[in-house]
Protein chains: 2
Amino acid sequence: MTNMTIYDISEKAGVSIATVSRVLNGSNNVSEKTKKKVLDVINQYEYTPNAFARGLGLNSMNTIGLMCADSSDLYLAKAIYYIEQLLRANGYDSILCCSGYDLESKEKAMDVLISKKVDSVILIGSNYIYEKDEDNKYIVDAAAQVPVMLLNAAFDAPNVYSIVSDDFTSMYEATTQMIHSGISDILYFYNSTSYSGKRKLAGYRTAMEEHGLLKSGNLMQFYSGSHEDIHAMGSQLEKAAEKGLSFHGVIAADDNLALGAVKYAQNAGLRIPEDLAIVGYNNSLLTTCCTPELTSIDNKLETLCQHLITTLMGVLTGNEMPKKTIFSGEIISRGTTFSK
Amino acid sequence: MTNMTIYDISEKAGVSIATVSRVLNGSNNVSEKTKKKVLDVINQYEYTPNAFARGLGLNSMNTIGLMCADSSDLYLAKAIYYIEQLLRANGYDSILCCSGYDLESKEKAMDVLISKKVDSVILIGSNYIYEKDEDNKYIVDAAAQVPVMLLNAAFDAPNVYSIVSDDFTSMYEATTQMIHSGISDILYFYNSTSYSGKRKLAGYRTAMEEHGLLKSGNLMQFYSGSHEDIHAMGSQLEKAAEKGLSFHGVIAADDNLALGAVKYAQNAGLRIPEDLAIVGYNNSLLTTCCTPELTSIDNKLETLCQHLITTLMGVLTGNEMPKKTIFSGEIISRGTTFSK
DNA sequence: ATTGGAGATGAAAGCACTTACAATATTACC
DNA sequence: GGTAATATTGTAAGTGCTTTCATCTCCAAT
């Protein structure tokens, strides 16, 4: 922690700097005797090698770039937390970069991280993959420099690894379950058409189609997924109902939207779940805030993160790792739906 | 973005590397003509200087260490978000380190950040300052290396800067307001005795004392402040009520605890606010999840963060800056209290 | 006693920048 | 046109590590 250099240590220990460097890096080409001698000096003076010089020599400072649209988003914040913990446990540090949701900002953020010489970039969230391939160029470019890890999105390119949850199946099952509970007019309430957004929607559609219940009027998009807008979400449902849209169930693409539906039901004096059953997505802490509490789909974020880090560590040590991994989610039943 | 060095650029531009370095660092000792010439080459080849070599030469990589107990905590996550944005706007990047709540982990986390050669460390949250001075040694040590910024805590030491909200006054006013609304048996529900925890409590005590209403039995501590425990929080209140404790108001030290009180009231069939008025703290998104919505104290986090960064930037450029700044909070009245 | 080879060590050349200082070019002024 | 002052540029010495390669030590095998 002092400002000594490797030269000071080598002098005090009576060895060359090469030897000090070797014990610093755990090389086994050092005799036990001199290793101990050097370590003693290092501990005595609380010497810490200069990280920049180390970085220059090794071309790495053991840092990983974490990118997400908004680190204050409930779900993303949890992911950041898990990932940071896991990385540090593996000897890596995290440099965080909130990119926002537009492509240009993402490209800029990516440049920042790459120019910081991170060992890898982890893109947290399904909004980093675009329809058009040219819009994903910034990812391909980054992957030419360092491995790129995607959480909740998948993209097939060299040096890009994807960890996703099976959103399609989760939504398919949630929808099927609601149909089986006797509800046939189910609204799908969503905001994003991101990678996972599309798969969720497809899960709903497939389940509805299989029962001959799909009506295009029951797909309702809201412009935002932000918590601040839950009242506006509620209003939108209210207006739709006033205009004659009839629905006794809402499947929402995330918990904020589901909470909007709860707000709507409460304002309209509807009983939950008798008059309106509601399912959310992400199983965030929002689920336990409202009354009744919210049924939601848990996509096993911690497991996804663990697997992501395992994969990344494998890649960084030069191992062949799977390019895409899929995990199943789970429906957590609470008060806003009928128990099976 | 390529792997060129300053030598390549100097060669292609027909100047020395010193000149390239000068334009890279915005030195004004370069003629416009050569500056343009060099910039053209840099842009043409998309050259980015090697961050490690730069760090070694400048002894800085323009990164700031962000430390918080748990980045997935609602309030801390918001702080991280604001700070990261502001830092990046000022040309700095953030390396994130979630320290947990125990001292030893914090010391370790601090070592990690310092050894990464950050330009400053920002401690986010009131739990970084301890009663005993020896427990704050890790901060003093860190401050010997780089400026240390405290958000929501204050500590007087060289090179340590504190940005706090006036928790005492906020709590004093919230309590006074509740008393004036006609409630005299007000429970104080808290978990932490951190820097701001103590000040909040003092605000409540002072207000109650001034009205001769303070009863020590009305101070109720809960072991955790975590959202997962809201049901347990509710149970604790329920048990206390069953044992004969009477209260018609709850002032909670944060929104999670307040939500616990809401859960209790709902389970016990109490009307809010008629039978039980509730005030939370932090004005987090939890406030709008429950019904009725939660009155809470907003401590102007964004303002605090802005001021913190302003102060930090001043310090880093060698200016004299105030060691401690205090901002007022504001009570946001919602449905869990009587409107004034 | 001799040789070969493994294991331990050191000298020195990177790594890609910054910057003090010296050298040169340019301008200003008489 | 000459000189001093100033603006611009280059040389070279850091910055603190890693690592290759050569050297040296030591011991087992012959």
Side-chain angles (χ1 to χ4, degrees), chain A residues 1-42 45-63 91 93 114-119 145-146, chain B residues 1-42 45-63 91 114-119 145:
Chain A
M1 219 49 35
T2 44
N3 287 320
M4 304 186 95
T5 73
I6 201 172
Y7 288 91
D8 301 319
I9 300 298
S10 79
E11 192 182 320
K12 308 222 186 255
V15 297
S16 73
I17 61 163
T19 300
V20 177
S21 176
R22 285 191 190 99
V23 341
L24 242 28
N25 293 292
S27 160
N28 44 7
N29 298 325
V30 187
S31 74
E32 282 305 318
K33 210 190 313 171
T34 59
K35 180 187 281 186
K36 184 182 178 324
K37 194 166 56 178
V38 171
L39 282 177
D40 283 350
V41 176
I42 286 175
Y45 293 94
E46 294 188 332
Y47 162 74
T48 316
N50 181 298
F52 299 144
R54 207 130 193 267
L56 187 56
L58 294 169
N59 199 31
S60 159
M61 254 177 71
N62 279 23
T63 60
D93 293 294
I114 297 290
S115 74
K116 278 266 166 168
K117 306 222 67 167
V118 295
D119 294 335
Q145 310 274 334
V146 294
Chain B
M1 221 50 30
T2 45
N3 288 320
M4 304 184 96
T5 73
I6 200 170
Y7 289 92
D8 301 318
I9 300 299
S10 79
E11 192 182 320
K12 309 220 185 257
V15 297
S16 74
I17 61 162
T19 299
V20 177
S21 177
R22 284 190 192 100
V23 341
L24 241 29
N25 293 292
S27 161
N28 45 8
N29 298 324
V30 187
S31 74
E32 282 304 318
K33 211 190 311 173
T34 59
K35 180 186 281 185
K36 184 182 179 322
K37 192 167 58 180
V38 171
L39 281 176
D40 283 351
V41 176
I42 287 175
Y45 292 94
E46 293 188 333
Y47 162 74
T48 316
N50 181 297
F52 299 143
R54 206 129 193 267
L56 188 56
L58 293 169
N59 198 31
S60 159
M61 254 177 72
N62 279 21
T63 59
I114 297 290
S115 74
K116 278 267 166 168
K117 306 223 68 170
V118 295
D119 293 335
Q145 311 273 336

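Chain A is the first sequence line, chain B the second, and so forth, proteins listed ahead of strands; every chain is numbered from 1.
Taking for each of B:Lys35 and B:Ala53 the nucleotide of DNA chain D with the nearest heavy atom, the 5'-most of the two is the partner of B:Lys35. Residue whose closest nucleotide on DNA chain C sits further toward the 5' end, between B:Leu56 and A:Gly14: A:Gly14.
Of the side-chain N and O atoms in A:Tyr47, one or more sit less than 4.0 angstrom from OP1 or OP2 of D:dC17. An OP1 or OP2 oxygen of C:dA8 is reached within less than 4.0 angstrom by no side-chain nitrogen or oxygen of A:Thr34. Side-chain N/O atoms of A:Asn25 include one lying less than 4.0 angstrom from OP1 or OP2 on D:dT18. Taking 4.0 angstrom as the limit, A:Tyr7 places none of its side-chain polar atoms (N or O) nearer than this to OP1 or OP2 of D:dT18. Residue A:Ser16 places at least one side-chain N or O closer than 4.0 Å to OP1 or OP2 of C:dG10. Look at B:Thr19 and you'll find a side-chain N or O under 4.0 angstrom from OP1 or OP2 of D:dG10. For the OP1/OP2 pair of C:dT18 and a distance below 4.0 Å, the side-chain nitrogens and oxygens of B:Ser21 include at least one atom meeting the criterion. Within the structure, a side-chain polar atom (N or O) of A:Arg54 is placed less than 4.0 Å from OP1 or OP2 of D:dT18.
The CZ-C1' distance, from A:Arg22 to C:dA12, rounds to 12 Å in whole Å. Atom C1' of nucleotide D:dA5 and atom CG of B:Asn29 are separated by 15 Å, given to the nearest angstrom. Computed from coordinates, the B:Asn62 CG to C:dC17 P distance equals 16 Å when rounded to whole Å. Between the CG atom of B:Asn50 and the C1' atom of C:dC15 there is a distance of 8 Å, given to the nearest Å. In this structure, B:Ile42 atom CD1 and C:dC17 atom P are separated by 10 Å, rounded to whole Å. Atom-to-atom, CD1 of B:Ile17 to P of C:dA20 comes out at 15 Å; the value is rounded to the nearest Å. The distance from atom CD1 of A:Ile6 to atom C1' of D:dG16 is 8 Å, rounded to the nearest whole Å. A straight line from NZ of A:Lys33 to P of C:dT9 spans 8 Å, rounded to a whole angstrom.
B:Asp8 comes within contact range of no nucleotide atom at all, as no heavy-atom separation falls under 4.0 Å. Nucleic acid contact class of B:Asn59 (heavy atoms, under 4.0 Å, all strands): none.
Side-chain contact, A:Asp93 with A:Thr63: no donor N or O sits under 3.5 Å from an acceptor N or O.
Distance check, rounded to the nearest 0.5 Å: CZ of B:Arg54 to CG of B:Asn25 gives 4.5 Å.
Between D:dC17, C:dC17, D:dT9, one nucleotide has an atom nearer to the side chain of B:Val30 than all others, and that is D:dT9. Listed nucleotides: C:dT18, D:dT9, D:dT19. Nearest to the side chain of A:Leu58: D:dT19.
Scanning both residues, A:Arg22 and A:Asn29, for their nearest heavy atoms gives CD-O, 4.4 Å. Residue A:Met4 comes nearest to A:Tyr47 through the heavy atom pair O-CE1, 3.4 Å, listed as atom of the first residue, atom of the second, then distance. When all heavy atoms are compared, the tightest approach of B:Ile6 to B:Ile17 is CD1-O, 3.6 Å.
Between B:Lys36 and B:Asp40 there is a salt bridge, since a side-chain N of the basic residue sits under 4.0 Å from a carboxylate O of the acidic one.
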